[in-house]
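Basis for what follows: all heavy atoms, side chains included, without hydrogens, waters or symmetry-related copies. Residue numbers start from 1 in every chain, and the chains themselves are labelled A, B, ... in the order their sequence lines are given, proteins ahead of strands. Keep in mind the model is a prediction, meaning the values are calculated, not measured.
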Amino acid sequence: MDEQAGPGVFFSNNHPAAGGAKGLGPLAEAAAAGDGVAAAGAARAQYSLPGILHFLQHEWARFEVERAQWEVERAELQAQIAFLQGERKGQENLKKDLVRRIKMLEYALKQERAKYHKLKYGTELNQGDMKPPSYDSDEGNETEVQPQQNSQLMWKQGRQLLRQYLQEVGYTDTILDVKSKRVRALLGFSSDVTDREDDKNQDSVINGTEAEVKETAMIGKSELTDSASVLENFKFLESAAADFSDEDEDDDIDGREKSIIDTSTIVRKKVLPDSSEDRDTKEALKEFDFLVTSEEGDNDSRSAGDGTDWEKEDQCLMPEAWNVDQGVITKLKEQYKKERKGKKGVKRKTTEDLFQPLSYIKQSKQGCGRMKHQSTGPNRSKLQDMLANLRDVDELPSLQPSVGSPSRPSSSRLPEHEINRADEVEALTFPPSSGKSFIMGADEALESELGLGELAGLTVANEADSLTYDIANNKDALRKTWNPKFTLRSHFDGIRALAFHPTEPVLITASEDHTLKMWNLQKTAPAKKSTSLDVEPIYTFRAHKGPVLCVVMSSSGEQCYSGGADGLIQSWNTTNPNIDPYDSYDPSVLRGPLLGHTDAVWGLAYSAAHQRLLSCSADGTLRLWNTTEVAPALSVFNDNQELGVPASVDLVSSDPSHMVASFSKGYTSIFNMETQQRILTLESNLDSTANSSCQINRVISHPTLPISITAHEDRHIKFYDNNTGKLIHSMVAHLEAVTSLAVDPNGLYLMSGSHDCSIRLWNLESKTCIQEFTAHRKKFEESIHDVAFHPSKCYIASAGADALAKVFV
Amino acid sequence: MVMAEGTAVLRQNRPGTKAQYIQQNIRADCSNIDKILEPPEGQDEGVWKYEHLRQFCLELNGLAVKLQSECHSDTCTQMTATEQWIFLCAAHKTPKECPAIDYTRHTLDGAACLLNSNKYFPSRVSIKESSVAKLGSVCCRIYRIFSHAYFHHRQIFDEYENETFLCHRFTKFVMKYNLMSKDNLIVPILEEEVQNSVSGKVKHEGNHIEKTY
């Protein structure tokens, strides 16, 4: 009964009009037959055919309605699908275009690298496949997943590499971590993770989203105008491209910074000729860049710290471009170029230029970020503390204010930045000075640390001791690395000696091709290659009948003297550096020969105090000449051959009446020129059966200290005290015989050249090698014959057996 | 002392090694011209010519030094050999009638610049085809130094020639590698060796003076 009541009730509910009595009849009967309940039957009696029909119709109508709805929905969904697909395609195309562009740029990069390498080393760079890229449409899809992982991998590898280099330098991981932690603490970095890589990954994701959020908030900032476009690119990249993670501390800043970095990878124009840096390590190094200091000296610090760091890394060079802050960058570059002391020119230059705009942008962003977040307080105070510590150190070099930088950018983009910096400058009261001293002071041990120069600066309190080191150095411009600038090619045979003019940028080279040539370094020939300029000689001095072995200039630069294998010392009136090279011959240029020696003259030394010239010759004698007239020697020091044949002679700077001479048998002696007596023989560890390798090739006298320095055939350089004659220090300097020495006019650096084709620059205080260049090829197993410093300008020159002279700045 | 004597071993073909080789041979015997001029096996001819030319310019310095004492701008006001030709100095923007001593110096300096220039001779192990032609013009100009010395400063020329046999070697060199036309070889130096009419080409055609550079 229940079951039957159900439908009955139902029917009666739905069809109150019981029109279907007929239809329901049989049903009702059947139901009635079932149990015979009248009520049920009455209910069931309401089942009528019309009712059923009506019900069915109703249901069908409902279904139809629903179906229509579904159709509509389906259509909508399909439309959405189509739209999304279209969008996806569009983005894919965009990505493909960008990948293409990347490939194009990479190809261009490879070519540049090859060119650069060819220039630098004269050989082809083996880069493998250098075909122009093919732009297949399929490649994008396949490599979609790959680049992401690859970039992560590459980035990790880059960081590993960097760590390795740091460790080579002596910077252990612990120090790195400690420093980075300190920096983070300083900057208010909340997360303190040891594994920065993970941090970066997280940060990047966070930053991605936050960047969008912050962007709107920062609309008021004028900076945004130029970074808005960047951000748009960035957003797109966020969604599509690989994730170049970065360690950033301030979120919005980082977001924008990252966008800049990303766009830089996308829009790679060649800003700097031959400038490049490995992208991964660059990014890895960016973590060191977040220095919260307003100094512009950072740039210099990086320049100082950069040298040996990049020297070690055989980085591939990539053109990098910044399509933001271009004006600022060019100005920075100009300033940088002025101050720049680059080593291995190109590499350093690139990292400098890269980091400069980077740091500048970073700082500017940080500046604005600070203003926004008002987190300057803690940062500044910490810096202040550190600086207070610094100032307490004696003879602390003062710090360069960042006011230099605010004056530079002309664009109105960074007004807040300027103001900010100006504020900071006042607050921190940086006295104007070379900013690099600030960083470099602590940088001594870390000189190869690129950005860690800044980190070192931050942690300077602990390293205050090493600050004193660089003080003297900072006063002169020689605390830098040298960069080859000019190549002097005109001699036909090896160059034996060179001498700089005391004041002008003029150099005289003496060669085995019997000539001397005078070069004006300011008259460079329009050279095709930009790395090293070609200079042509202004004048050629011809008078010797054999190879010219040595040359010196008088203290005024008006005369020069050259000694040759023919035993003659020719005296010349040096011509005006501005003459036309193809002028008529003036016989008065040759003053005349100083006759006397009977064999090759190997060394000359000019005494400014007495206007005298000292010469040493293979005939065993040393002669003193009066240079005011061309006349026979004033006096002859015939050492009776007891010390051997003199190889080199120099005047003792600390005592004008003394001279020091070194002999082929390995002895070095100091003579008094007035009395012609030998004063003292400098100590040498020789036994009577001295072998040939003890020959001393050069002796020079330190310009200020009573020290003589000798270059030995047995690869040593030895330092002697002039007063006691004792050996102060001895070091193995080169891989082969040391042939030449030069001391810079301030007496701080020693330069040595050797037949192993290298020139090394030594710090005289620490007796450590600061820089090494490989220059010149070998001829007859000889390579570098002479090196020299310019007495007043920033030039050093090397004379090679390959008939080239190179000038470095 | 420091300047080591090179061994007689021919080193690998590195830049500058040809110069060493040539210099060794010259030092050994400067009159053995054939040996000096004979290239070693497998030697690139362009490089060989280039290196020899460098060596000639180097050695010509000696002649120039000797000439400096005797050849003055007031005695030899033009660069001439015989009366027929006046040689103009090509080292200037427009060819100029330099006195003989100036011509000599400028030519040698110009040759030094050219042979050392990065533009024409960027590498010492391979010479560009386009630059080989330059060698010929350098040879012509260098030769004029010989001819002036021969005709105007005979004593110096003989002295120098006996020491170095330079003109002999140079003449043979240019003939061997066809760097100059034989008409230009006016120094009568190889009459006994050369069958062609080199010696007979010395013209004395009266007052007809031609200029060339």
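- The side-chain tip of B/Arg105 points at the ring of A/Tyr539 from less than 6.0 angstrom away and within 45° of straight on.
- When each of B/Arg54, B/Glu59, B/Lys96 is checked for heavy-atom pairs under 4.5 Å with chain A, B/Arg54 comes out on top.
- When the candidates B/Cys113, B/Ser69, B/Ala64 are compared by the number of heavy-atom contacts under 4.5 Å with chain A, B/Cys113 comes out ahead.
- Contacts of B/Ala91 with chain A are made by both backbone and side-chain atoms, with heavy-atom separations under 4.5 Å.
- Between B/Phe170 and B/Phe56, the ring planes lie perpendicular to each other; the angle is over 60°, past the 30° to 60° tilted range.
- Contact count versus chain B (heavy atoms, under 4.5 Å) is highest, among A/Asp493, A/Asp802, A/Leu590, for A/Asp493.
- Contacts of B/Cys57 with chain A are made by both backbone and side-chain atoms, with heavy-atom separations under 4.5 Å.
- Here the closest non-hydrogen pair linking B/Ile36 and B/Trp48 is O-CZ2, 3.4 Å.
- The contact between A/Ala803 and chain B is made entirely by side chain atoms (from C-beta outward), counting heavy-atom distances below 4.5 Å.
- Considering all non-hydrogen atoms of both residues, B/Ile186 and B/Tyr143 come closest at N-OH, 3.4 Å.
- Residue contact with chain A, scored on non-hydrogen atoms closer than 4.5 Å, involves the side chain of B/Gln23 exclusively.
- Side-chain N/O atoms of A/Thr515 and B/Asn61 include no donor and acceptor closer than 3.5 Å.
- For B/Leu108, the parts sitting under 4.5 Å from any heavy atom of chain A are the backbone and the side chain alike.
- Nearest approach of B/Ala112 to A/Lys517, heavy atoms of both residues: CB-NZ, 4.0 Å.
- Only the side chain of B/His92 comes within less than 4.5 Å of a heavy atom in chain A; its backbone stays farther off.
- At most 12 non-hydrogen atoms from other residues, nucleotides or ligands lie less than 6.0 angstrom from NZ of A/Lys545.
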